[in-house]
Amino acid sequence: MKTYAIGDLQGCAHEAQLLLDRIFETAGLDARILFVGDLINRGPDSLTALRRMKALSESSGGRIEALLGNHDLHLIAVAAGAQRLSRSDTLDEILAAPDRDELIAWLRQRPLAMFVDAHLLVHAGVAPQWDARQTMALAGEVEAALRGEGWIDFLGAMYGNLPDRWDDGLVGIDRLRCIVNALTRMRLCAPDGTMDFKHKESDAGPAGSGLLPWFDLPQRRTQDVTVVFGHWSALGLVQRPNLIGLDSGCVWGGKLTAVCLDDRTLLQVDCPEYREHGGKKR
C-alpha cells in the first residue's frame with residue numbers, strides 16, 4: 001500500500017476529485033491518502049470538498065485522513081459563534097447546509113499532526129524547539145481542547161499572535177495558542193525562533209529582517225525526520241531530503257499536488273485561478 005500526501009484544497013473540490021482518481025488509478029483503491037489541511041475556504045466549492053472528505057475518511061477506516069489547517073479551524077470557530085466571517089471567506093454554503101453540525105463535529109475530531117513512516121505531517125510548520133515526539137504530544141493537547149466540553153471557550157480565546165515564541169513553561173490558553181499558531185499559521189521566524197505573522201505573500205522575509213523560513217533555522221530539532229507541510233503557496237512545491245512542501249497554489253491558479261511518500265513521485269492537477277494573486281494567501 002502506497003501513501004500519498006496532498007496539499008491545500010481550499011474548496012477546489014473538482015480538482016481534488018481529479019487528483020484522487022489519478023492516485024487510485026496509479027496506486028489502487030487501497031492507497032493511503034493524507035491531506036495536510038485547509039480543505040475549505042477561498043475556492044469555489046467548499047461544501048462539496050468537506051462532504052467528500054468526511055465520507056472518504058469515514059468509509060476508509062482512517063486510511064484517508066486530513067489534518068486541521070487554519071481555514072478549517074476558522075470554520076469551526078465561525079460555526080460555534082466564536083469568530084466572525086471575513087469578507088474573503090467562502091463558507092456560507094457550509095454554514096447553511098442541513099448537515100452543518102455533522103460536518104463541524106467531524107472536523108473537530110481531526111488531528112493537528114500525524115507521524116507516518118518517519119514522516120511528520122503538519123499544516124504549516126514545527127517550532128524549532130520541538131522534536132517529532134514533542135510535536136505529536138503538543139498537537140494532542142490542542143486536539144483534546146477541541147474535543148472537550150470547553151471547546152467553544154477555547155476557540156474564542158484561540159486567536160492572537162502572542163506568545164510568538166515557544167517556551168516549555170507556557171500554560172493555559174497561551175500554551176495552546178502558541179501551539180496552534182506554530183502548527184497552522186507559521187511561515188517565517190527570527191533566528192531565535194520567534195514567529196512572524198506579518199509577511200504572508202512572499203517566500204522570504206524582507207532584506208535585512210533576519211527572518212528565515214521556519215525549516216531553515218539551524219537549531220530545528222525535526223531535521224532527523226521528514227516534515228511534510230502545506231500552507232505556503234508563495235513558496236510552492238518544495239522537495240528536500242527531509243522536507244516536503246505541498247501548497248502549490250491550487251486556488252491561485254497553480255496546481256494541486258500529491259506526493260508519494262514511499263518514492264517521492266508526484267501527481268499534479270492544473271487549477272484555474274479561482275482567486276486573484278493579490279488576495280491574502282493565508
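Quick caveat: nothing in here was measured; it's all calculated off a predicted structure.
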**Report entry** Backbone N/O of T226 and side chain of N242: donor-acceptor pair under 3.5 Å
**Finding:** no
Query raised in the report: Could you go step by step and tell me if F35 and I64 meet the side-chain contact (heavy atoms from CB on, under 4.5 Å) rule?
Result: CA-CA 8 Å; F35 293 77; I64 300 176; 4.0 Å; yes
Query raised in the report: Has the side chain of R52 got a donor or acceptor atom that lies under 3.5 Å from a matching backbone atom of A13?
Result: yes
**Report entry** 4.5 Å side-chain heavy-atom contact, Q10 and W252
**Finding:** yes
Report task. Go through the steps to decide whether F197 and R187 satisfy the test side-chain contact (heavy atoms from CB on, under 4.5 Å), and finish with yes or no. Result -> CA-CA 8 Å; F197 300 110; R187 292 184 179 96; over 6 Å; no
Requested in this report: Start with the C-alpha distance between F154 and V180, add both sets of side-chain angles, then the distance that settles side-chain contact (heavy atoms from CB on, under 4.5 Å), and finish with yes or no.
Outcome: CA-CA 11 Å; F154 161 68; V180 168; 4.1 Å; yes
Query raised in the report: Can L183 be reached from F115 by stepping across I, L, V, M, F, W or Y side chains whose heavy atoms are under 4.5 Å apart?
Result: yes
**Report entry** Closest non-hydrogen atom pair between L155 and A80, with its separation
**Finding:** CD1-CB, 4.3 Å
Query raised in the report: For D192 and Q219, what are the C-alpha separation, side-chain angles and deciding distance, and is it a side-chain hydrogen bond (donor to acceptor under 3.5 Å, both in side chains)?
Result: CA-CA 9 Å; D192 68 351; Q219 73 271 32; over 6 Å; no
Requested in this report: Please identify each residue that fulfils ring-ring contact (aromatic ring centres under 6.0 Å, His included) with W232, with sequence neighbours left out.
Outcome: none
Report summary line: Correct closest heavy-atom pair for S46 and G43 would be OG-O, 4.4 Å
Requested in this report: Run the salt-bridge test on K2 and D263 with the 4.0 Å N-O cut-off and return the result as yes or no.
Outcome: yes
Query - L235 reachable from L212 in the ILVMFWY side-chain graph, under 4.5 Å edges - result: no
Query raised in the report: If only atom types and distance count, is the side chain of R220 paired as donor or acceptor with the main-chain N or O of P128 below 3.5 Å?
Result: no
**Report entry** Cation-pi, W130 ring and R221 (6.0 angstrom, 45 degrees)
**Finding:** no
Query raised in the report: Given a cutoff of under 4.5 Å between side-chain heavy atoms of I, L, V, M, F, W and Y, with clusters grown through shared members, what are the other residues clustered with V116?
Result: L34, V36, L67, M114, L121, V228, L237, I244, L246, V259, L261, L266
Query raised in the report: Which atom pair, heavy atoms only, marks the closest approach of A182 to A124?
Result: O-CB, 4.0 Å
**Report entry** Heavy-atom check, side chain of N70 versus side chain of H123, under 4.5 Å
**Finding:** yes
Query raised in the report: Any side-chain heavy-atom pair from R175 and W166 closer than 4.5 angstrom?
Result: yes
Requested in this report: Would you mind reporting whether W151 and I76 have side-chain heavy atoms less than 4.5 Å apart?
Outcome: yes
Report summary line: Closest non-hydrogen atoms of G249 and S233, given as atom of the first, atom of the second and distance, are CA-CB, 4.0 Å
Query raised in the report: For the side chain of D196 and the backbone of L188, is there at least one donor-acceptor N/O pair under 3.5 Å apart?
Result: no
Requested in this report: Indicate yes or no for a side-chain donor-acceptor contact from E143 to the backbone of L112 under 3.5 Å, with no hydrogens or angles considered.
Outcome: yes
**Report entry** N41 and H74: CA distance, side-chain angles, deciding distance, side-chain hydrogen bond (donor to acceptor under 3.5 Å, both in side chains) verdict
**Finding:** CA-CA 9 Å; N41 212 7; H74 178 61; 4.9 Å; no
Query raised in the report: Any idea which heavy atoms bring C271 and C250 closest together, and the distance?
Result: SG-SG, 2.7 Å
**Report entry** Within 6.0 angstrom of R133 CZ, more than 12 heavy atoms from elsewhere
**Finding:** no
**Report entry** Test log, rule side-chain contact (heavy atoms from CB on, under 4.5 Å), inputs R100 and L103
**Finding:** CA-CA 5 Å; R100 154 193 163 144; L103 293 169; 5.5 Å; no
Query - Nearest heavy-atom neighbours spanning G160 and R177 - result: O-CD, 3.4 Å
**Report entry** Pairing of E65 and R110 as salt bridge, 4.0 angstrom limit
**Finding:** yes
Query raised in the report: Name the one of D89, L75, T90 that satisfies side-chain contact (heavy atoms from CB on, under 4.5 Å) with I40?
Result: L75
Requested in this report: Examine the side chains of Q134 and D168 and answer whether a donor and an acceptor come within less than 3.5 Å of each other.
Outcome: yes
Query raised in the report: From C12 SG over to L18 CG, what is the distance, rounded to the nearest 0.5 angstrom?
Result: 11.0 Å
**Report entry** Donor-acceptor under 3.5 Å (S209 side chain, P206 main chain)
**Finding:** yes
Query raised in the report: With no hydrogens and no angle check, is any side-chain donor or acceptor of T194 less than 3.5 Å from a backbone partner on A190?
Result: no
**Report entry** Over 12 non-hydrogen atoms of neighbours within 6.0 angstrom of CD in E93
**Finding:** no
Requested in this report: Answer with yes or no whether the hydrophobic clustering places L243 together with L217; edges join I, L, V, M, F, W, Y residues whose side-chain heavy atoms lie under 4.5 Å apart.
Outcome: no
Query raised in the report: Is there a chain of hydrophobic side chains (I, L, V, M, F, W, Y, each step under 4.5 Å between heavy atoms) that links I6 to L29?
Result: yes
Query raised in the report: Is a donor on one side and an acceptor on the other found under 3.5 Å between the side chain of D262 and the backbone of T3?
Result: yes
Query - Main-chain N/O of S57 paired to S60 side chain as donor or acceptor, under 3.5 Å - result: yes
Query raised in the report: Hey, does R165 have a side-chain heavy atom less than 4.5 Å from the side chain of C189?
Result: no
**Report entry** Residues R63 and D30 bridged, charged N to O under 4.0 Å
**Finding:** no
Report summary line: With V225 as partner, the option from T135, L120, D131, D117 fulfilling side-chain contact (heavy atoms from CB on, under 4.5 Å) is L120
Report task. Look at the aromatic rings of F229 and W214 and report parallel, tilted or perpendicular, splitting at 30° and 60°. Result -> perpendicular
**Report entry** Intermediate values then yes/no, side-chain hydrogen bond (donor to acceptor under 3.5 Å, both in side chains), R185 and N161
**Finding:** CA-CA 10 Å; R185 296 181 61 207; N161 294 339; 3.0 Å; yes
Query raised in the report: Any donor and acceptor pair, going by atom type alone, linking the side chain of R22 with main-chain N or O of Q268 inside 3.5 Å?
Result: yes
**Report entry** Pair D72 + R108, salt bridge at N-O below 4.0 Å
**Finding:** no
Query raised in the report: Cut-off 3.5 Å, side chains only: do D38 and H231 have a donor facing an acceptor?
Result: no
Requested in this report: Return yes if a side-chain donor-acceptor contact under 3.5 Å exists between D45 and H14, otherwise no.
Outcome: no
Query raised in the report: Do the non-hydrogen side-chain atoms of S88 and R42 ever get within less than 4.5 Å of each other?
Result: yes
Query raised in the report: Hey, quick one: are L170 and L162 part of the same hydrophobic cluster, counting side-chain heavy atoms closer than 4.5 Å, chains of contacts allowed?
Result: no
